[in-house]
Amino acid sequence: MSAGFMDKNIVLIGFMATGKTTVGRRLASRLGLQFVDTDMEIEKVTGKTVAEMFYKYGMIRFRSEESLVIKKLSARAGLVIATGGGAVLDPENVKALKQNGVLIRLTASPEIIFQRVKNKRTRPLLNNTEDLQELINRMMAEREEAYRSVADFTVDTGAGTRYQVVENIISYLRERMF
Ligand code: S3P
């Protein structure tokens with residue numbers, strides 16, 4: 001990697017359960033960079049889980065904590081940042097993240113997302129629904145443009161191994177000479 005590489009953050013974006021945290025951790029360790037996850041930062045700052053934040057204080061409060069965390073992290077460099085699935089729905093967050101970051105979008109089909117989340121209770125937006133697959137289909141369709149329009153590079157995590165996903169991202173970064 002070129003010397004300029006550490007001047008940038010590598011930011012993983014995309015829908016819930018596309019693998020941002022897992023891939024981000026591995027990518028950071030491969031590149032010798034620090035890994036941060038915005039949901040985990042919010043939990044650290046507030047002392048509450050993401051689900052508790054949503055249920056006790058509501059989504060608006062969660063989004064405002066998320067924006068604060070993003071502002072702080074965007075002022076740093078040389079980080080691999082895994083964002084929450086809703087982070088780039090706010091143009092202010094996108095602006096901050098893009099300032100010194102390259103935005104890598106992770107994708108997977110709605111069916112694969114369903115398989116990954118069906119037995120988990122950690123995502124408040126996907127709880128309390130009769131038809132989880134239908135909700136996932138609808139939310140993904142609604143958000144598609146928001147993710148697509150801001151991504152510098154997109155990787156499908158549904159096909160291939162986590163290792164291949166990480167190598168794919170590294171090849172892209174090398175080509176771009178970050
Ligand atoms: C959200 C995604 C979650 C978390 C919160 C809201 C969203 O993060 O930030 O539950 O709006 O898509 P993950 O994408 O890591 O599940």
Side-chain angles (χ1 to χ4, degrees), residues 9-28 34-74 79-97 101 103-129 131-158 162 165-166 169:
N9 291 319
I10 300 165
V11 183
L12 299 178
I13 66 161
F15 198 75
M16 289 173 266
T18 47
K20 300 176 298 273
T21 304
T22 317
V23 169
R25 257 210 193 96
R26 285 185 169 215
L27 183 65
Q34 190 188 334
F35 172 72
V36 256
D37 177 292
T38 59
D39 284 343
M40 280 157 44
E41 287 302 304
I42 294 166
E43 294 185 346
K44 236 195 263 171
V45 170
T46 62
K48 310 258 181 310
T49 67
V50 168
E52 276 171 348
M53 282 294 291
F54 266 77
Y55 294 132
K56 283 198 186 152
Y57 303 99
M59 178 155 87
I60 292 176
R61 172 74 191 281
F62 174 80
R63 295 296 178 211
S64 98
E65 297 290 349
E66 185 173 54
S67 294
L68 279 177
V69 163
I70 286 174
K71 269 204 194 80
K72 269 193 209 152
L73 296 177
S74 297
L79 302 175
V80 173
I81 304 173
T83 59
V88 299
L89 303 179
D90 178 343
E92 287 296 314
N93 290 345
V94 174
K95 203 169 142 194
L97 291 166
L103 270 54
I104 312 282
R105 177 191 181 189
L106 302 187
T107 61
S109 71
E111 292 73 25
I112 288 178
I113 299 293
F114 174 80
Q115 291 303 325
R116 290 179 186 167
V117 304
K118 66 178 179 191
N119 295 321
K120 300 225 172 94
R121 289 285 166 271
T122 53
R123 294 183 170 92
L125 294 180
L126 299 179
N127 290 346
N128 305 317
T129 179
D131 189 342
L132 180 58
Q133 182 70 77
E134 193 275 330
L135 176 65
I136 291 168
N137 296 350
R138 184 157 42 85
M139 283 184 77
M140 282 183 89
E142 277 167 11
R143 292 177 170 194
E144 166 65 22
E145 182 57 17
Y147 297 134
R148 195 200 54 75
S149 63
V150 303
D152 295 301
F153 183 62
T154 299
V155 188
D156 181 12
T157 67
R162 290 282 145 108
V165 170
V166 169
I169 296 170

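From a predicted model like this one, the values you see are computed outputs, not experimental measurements. Counting convention: from 1, in listed order, for ligands and their atoms alike. Keep in mind that the numbers below use all heavy atoms, side chains included, and drop hydrogens, waters and symmetry copies. Heads up: numbering here begins at 1 and tracks the sequence.
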For Arg123, what residues pass the side-chain hydrogen bond (donor to acceptor under 3.5 Å, both in side chains) criterion, not counting sequence neighbours?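 Arg123: no side-chain hydrogen bond (donor to acceptor under 3.5 Å, both in side chains) contacts found.
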Can you pull the residues with any heavy atom under 4.0 Å from ligand 1? Met16, Lys20, Asp39, Val50, Phe54, Phe62, Arg63, Gly84, Gly85, Gly86, Arg123, Pro124, Leu125, Arg143
Please tabulate, for the side chains in residues 48-58, all donor-acceptor contacts under 3.5 angstrom to protein atoms that are two or more places apart in sequence or on a different chain.
residue: Thr49; atom: OG1; partner: Glu52; partner atom: N; Å: 3.0
residue: Glu52; atom: OE1; partner: Thr49; partner atom: N; Å: 3.0
residue: Tyr55; atom: OH; partner: Asn127; partner atom: ND2; Å: 3.1

Taking the side chain as every heavy atom from C-beta outward, state whether Phe62 and Thr46 have any atom pair closer than 4.5 Å.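 Phe62 vs Thr46: side chains apart.
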Hey, are the side chains of Leu73 and Asn9 touching, using non-hydrogen atoms and a 4.5 Å cut-off?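 Of all side-chain heavy-atom pairs linking Asn9 with Leu73, none is under 4.5 Å.
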Applying salt bridge (charged side-chain N to carboxylate O under 4.0 Å, His left out), which residue pairs with at least one partner in residues 143-154 are found, sequence neighbours left out? Lys98-Asp152, Arg105-Glu144, Glu145-Arg148
Positive for side chain to side chain contact (heavy atoms under 4.5 Å, CB included) with Met40, one of Asp37, Thr38, Val36: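 Of Asp37, Thr38, Val36, side chain to side chain contact (heavy atoms under 4.5 Å, CB included) with Met40 is met by Asp37 alone.
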